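Have a look at the structure below, then the notes.
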Amino acid sequence: MTAYELMIKTNHYLIQGGNLTEAQKESLVRQLLLAKTSPAGAQKFYNSITSRDNTDENRRHLYPLYFIPPYNGGRKYRTVLTQTPKTQILSANMYELEILRLLHLFADDLPEVAGMVADTLRRLKTTCFSCMDDGVGECFDTSLVVLRFLAAAAPGQHAWIESRIENYNRHYAEKKRPRYCLWYFWLCLSELPFDIAKPELDKYKFEMIDFLWHKSLSPGSGQSRTLHPLIFCILRNSLSRYPEYEYIRERKPCEDKKSGRLYFDMAQ
């Protein structure tokens, strides 16, 4: 299993309510650390990138330092929620930040992990998609990947986190965007400190409740088969943070025996 496959599989397992044993965490960390990119591999990646400013310094600010996606036949790596990026801005930063997020969650006491996270936070401070008012192209999507990373790696940096929430609110409605953006934002809200997430969750609370009470999704095929259970679990994880909905925290999507469609049981 590649580092990417392991990262995606672990994310899906955790979002759906799974828990890793200590042995599984140690194995995960060991395998992900083995995927750290060599200096030669990093340079090859940087040389392949076209940028308005072609200096190495600026390229290294915009793109990963430690975990660079291996060549994938010219295809970009899908995000945790199965979105296919059009740019390396989204694909490469997603790859590194999602791997580092897992390493921080399960091995933040390792000096190597702590150092990579600290360096990456400093790198992100220099980028448009992490700290600036930026709704352009996939920088908007990448800002959400940063938000999820900050929720795990820097939950105390409220001003930084709130700037990414404000960026989302300011630019989401500017044009027609894929629903992946909304779902990824909800994923972030399900994981952020509740005092920060609650004002945003309050905006979507009744939409989420209505979805879980009344909506069903086809089992689908391909990416839909993966994505649809995740959507239900993201909504469950978000709503179960409210005391009145704690009772749904352990529930999983159900499958209607006749239609095969997925639904969620909200009954007490």
Side-chain angles (χ1 to χ4, degrees), residues 7-21 24 78-83 94 98 101-102 105 141 143-145 147-152 155 161-162 164-166 168-169 172-173 176-268:
M7 178 272 287
I8 292 293
K9 182 178 180 179
T10 303
N11 264 289
H12 292 177
Y13 180 69
L14 295 175
I15 290 169
Q16 293 180 82
N19 291 297
L20 300 181
T21 65
Q24 287 172 325
R78 292 178 184 270
T79 69
V80 167
L81 297 186
T82 76
Q83 178 181 1
M94 177 280 303
E98 291 291 1
R101 177 181 174 275
L102 292 177
L105 288 176
D141 306 72
S143 179
L144 293 174
V145 177
L147 176 60
R148 187 175 190 226
F149 178 68
L150 294 177
I161 289 171
E162 287 168 356
R164 296 308 85 206
I165 293 174
E166 291 167 4
Y168 176 86
N169 288 331
Y172 177 71
K176 186 176 181 180
R177 299 185 187 275
R179 293 282 286 180
Y180 294 107
C181 298
L182 177 64
W183 297 328
Y184 210 99
F185 185 57
W186 286 354
L187 173 61
C188 293
L189 295 182
S190 73
E191 297 170 344
L192 283 164
F194 190 56
D195 61 327
I196 297 177
K198 187 177 184 303
E200 298 302 315
L201 285 172
D202 288 346
K203 298 176 186 178
Y204 298 103
K205 183 178 181 181
F206 292 108
E207 181 180 352
M208 292 178 173
I209 292 169
D210 182 69
F211 193 105
L212 290 186
W213 268 110
H214 303 296
K215 301 290 185 183
S216 65
L217 295 173
S218 67
S221 60
Q223 299 305 315
S224 295
R225 182 174 292 275
T226 299
L227 176 62
H228 289 174
L230 293 175
I231 294 172
F232 278 116
C233 290
I234 288 168
L235 298 180
R236 175 203 66 191
N237 295 345
S238 296
L239 285 175
S240 65
R241 307 187 76 182
Y242 291 94
E244 63 269 34
Y245 290 108
E246 285 183 358
Y247 71 92
I248 68 171
R249 181 168 295 161
E250 305 298 326
R251 294 190 182 180
K252 300 184 182 299
C254 307
E255 183 176 326
D256 185 276
K257 293 182 180 179
K258 292 184 178 180
S259 67
R261 294 179 68 85
L262 295 175
Y263 69 96
F264 197 87
D265 180 10
M266 287 288 286
Q268 284 185 281

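Keep in mind that what you see is a predicted model, and the values were worked out from it rather than measured.
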Which distance, rounded to the nearest 0.5 Å, do you find between the [atom1] of [X] and the [atom2] of [Y]?
{"X": "K252", "Y": "D265", "atom1": "NZ", "atom2": "CG", "answer": "14.0 Å"}
{"X": "E191", "Y": "I234", "atom1": "CD", "atom2": "CD1", "answer": "8.5 Å"}
{"X": "I165", "Y": "L144", "atom1": "CD1", "atom2": "CG", "answer": "10.0 Å"}
{"X": "D141", "Y": "T79", "atom1": "CG", "atom2": "OG1", "answer": "8.5 Å"}
{"X": "L235", "Y": "M266", "atom1": "CG", "atom2": "CE", "answer": "9.5 Å"}
{"X": "L81", "Y": "Y180", "atom1": "CG", "atom2": "OH", "answer": "9.0 Å"}

Restricting to non-hydrogen atoms, name the atom on [X] and the atom on [Y] that form the minimum distance, rounded to 0.1 Å.
{"X": "R101", "Y": "A152", "value": "CG-CB, 3.8 Å"}
{"X": "P253", "Y": "P229", "value": "CG-O, 4.0 Å"}
{"X": "L20", "Y": "Q24", "value": "CA-OE1, 3.3 Å"}
{"X": "D256", "Y": "S259", "value": "OD1-N, 2.8 Å"}

Can you check whether [X] reaches [Y] side chain to side chain, under 4.5 Å on heavy atoms?
{"X": "L182", "Y": "R177", "value": "no"}
{"X": "N11", "Y": "L230", "value": "no"}
{"X": "E244", "Y": "L239", "value": "no"}
{"X": "W186", "Y": "L201", "value": "no"}
{"X": "L192", "Y": "E200", "value": "no"}
{"X": "Q83", "Y": "M94", "value": "no"}
{"X": "E98", "Y": "L102", "value": "no"}
{"X": "Y184", "Y": "C188", "value": "yes"}

Is it the case that the side chain of [X] and the backbone of [Y] share a donor-acceptor pair, with hydrogens and angles ignored and the cut-off at 3.5 Å?
{"X": "R236", "Y": "R251", "value": "yes"}
{"X": "Q16", "Y": "H12", "value": "yes"}
{"X": "S190", "Y": "L187", "value": "yes"}
{"X": "D210", "Y": "F206", "value": "no"}
{"X": "R164", "Y": "L147", "value": "no"}
{"X": "R241", "Y": "L189", "value": "yes"}
{"X": "H228", "Y": "S218", "value": "yes"}

Report task. Please collect all ring pair (Phe, Tyr, Trp, His ring centres under 6.0 Å) contacts where either partner lies in residues 236-268, sequence neighbours excluded, each pair once. Result ->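 Every ring pair (Phe, Tyr, Trp, His ring centres under 6.0 Å) pair that includes a residue of residues 236-268, provided the two are not neighbours, is F194-Y242.
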Query raised in the report: What residues form a salt bridge (Lys or Arg N to Asp or Glu O under 4.0 Å) with K257, not counting sequence neighbours?
Result: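 Applying salt bridge (Lys or Arg N to Asp or Glu O under 4.0 Å) to K257 gives none.
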Query raised in the report: Ring centroid separation for Y172 and Y168, is it under 6.0 angstrom?
Result: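 Centroid separation for Y172 and Y168: below 6.0 Å.
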